Amino acid sequence: MRMDEFGRPLPSPAADGYRNPSLAADAACIREVNGRKQILLITRKMEPSKGKLALPGGFVDYNEDPEDAALRELKEECGIDGQLSKVICVRGRPDRDPRKHVVTIVYLVWTEGEPTAGDDAADAAWYDLEEALEMPLDNWAFDHHTVVEMVRDAVNESR
């Protein structure tokens, strides 16, 4: 089996001859409690990054709009509904996921309620945004620490 430059199995080209990255969608949910911003994070239940913090999210299904995927994953992993606000960022560095090349669209999502872990999440909870960003990088899945920094900056700019 051929490997890519990051040591992952190189996928076979599709019928059209192209190798394309996979698409994911993540939900960045922010709320304010007692003047402090909180962010909704899951603890991953499965590898890769089992036991690490991440935004709720996952792969976009074939024939699914990425916006719908972000809200579906939020419901599956946290048991709550949300409303999309805007795109925070698109991340696609080829080595951001150890499984394969994954591009993600990160949406700011407004939601309320207390999460209940489900699907790929071992836990789902609201975290103080600044305290979460102070956690060591090895507590985070993929590039989600950097993504959460971008979420914080975007939310602060909109005020």
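Being a predicted model, the structure only gives us computed values, none of them experimental.
Residue Met46 qualifies as open at atom CE: its count of foreign heavy atoms under 6.0 Å is 12 or below. Within 6.0 Å of CZ on Arg99 lie more than 12 heavy atoms contributed by other residues, nucleotides or ligands.
Residues Leu53 and His144 have side chains not in contact (no heavy-atom distance under 4.5 Å, counting atoms from C-beta outward). Between Met3 and Leu10 there is no side-chain heavy-atom pair separated by less than 4.5 Å. By the 4.5 Å heavy-atom criterion applied to side chains, Val106 and Leu55 are counted as neighbours. Residues Ile80 and Leu40 have side chains in contact (heavy-atom distance under 4.5 Å, counting atoms from C-beta outward). Residues Cys29 and Leu74 form a side-chain contact, since some pair of their non-hydrogen atoms from C-beta on lies under 4.5 Å apart. Considering only heavy atoms from C-beta on, Pro11 stays 4.5 Å or farther from Lys100 through its side chain.
Phe142 and Ile88 end up in different hydrophobic clusters when Ile, Leu, Val, Met, Phe, Trp and Tyr side chains are linked at under 4.5 Å. Note on Leu71: it clusters hydrophobically with Val90, by side-chain heavy-atom contacts below 4.5 Å among ILVMFWY residues. Connection of Val87 to Val103 is established within a shared hydrophobic cluster, with ILVMFWY side chains joined at heavy-atom distances below 4.5 Å, either directly or through further cluster members.
The CG atom of Leu108 sits 6.5 Å away from the NZ atom of Lys86 when rounded to the nearest 0.5 Å. Note: His145 NE2 to Leu137 CG = 5.0 Å, rounded to the nearest 0.5 Å. The CD1 atom of Ile105 sits 5.0 Å away from atom CG of Leu23, with the distance rounded to the nearest 0.5 Å. In this structure, CG on Leu129 lies 10.0 Å from CD on Glu134, to the nearest 0.5 angstrom. Rounding to the nearest 0.5 angstrom, the gap separating the CD atom in Gln38 from the OH atom in Tyr127 is 11.5 Å.
Pairs engaging residues 112-123 under the side-chain hydrogen bond (donor to acceptor under 3.5 Å, both in side chains) rule: Arg31-Glu114 [sequence neighbours left out]. Within the structure, salt bridge (charged side-chain N to carboxylate O under 4.0 Å, His left out) contacts touching residues 6-30 (residues at least two apart or in different chains) are Asp4-Arg8. Within the structure, side-chain hydrogen bond (donor to acceptor under 3.5 Å, both in side chains) contacts touching residues 63-72 (residues at least two apart or in different chains) are Glu64-Arg72, Arg72-Glu76. The stretch residues 96-121 participates, sequence neighbours left out, in no ring pair (Phe, Tyr, Trp, His ring centres under 6.0 Å) pair at all. For residues 39-50, no residue pair satisfies the side-chain hydrogen bond (donor to acceptor under 3.5 Å, both in side chains) rule, not counting sequence neighbours.
Closest non-hydrogen pair, Cys78 versus Ile42, comes out as SG-CG2, 3.7 Å. Closest of all the heavy-atom pairs between Pro48 and Pro98 is CB-CG, 3.6 Å. Heavy atoms only, all atoms of each residue included: Gly113 and Trp126 are closest at O-NE1, 3.1 Å. Here the closest non-hydrogen pair linking Val151 and Ala28 is CG2-CB, 3.6 Å. The two atoms that bring Lys52 and Ala141 nearest to each other are CB-N, 3.6 Å, heavy atoms only. Considering every non-hydrogen atom in both Val147 and Cys89, the closest pair reads CG1-SG, 4.4 Å.
Of the listed residues (Thr104, Asp143, Thr146), just one forms a side chain to side chain donor-acceptor pair (under 3.5 Å) with Arg91, and that residue is Asp143.
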Side chain to side chain contact (heavy atoms under 4.5 Å, CB included) between Leu133 and Glu149, worked out: CA-CA 7 Å; Leu133 286 170; Glu149 288 177 324; 3.6 Å; yes

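Partners of Glu130 according to the salt bridge (Lys or Arg N to Asp or Glu O under 4.0 Å) rule, which considers only residues two or more places apart in sequence or in another chain, are Arg152.
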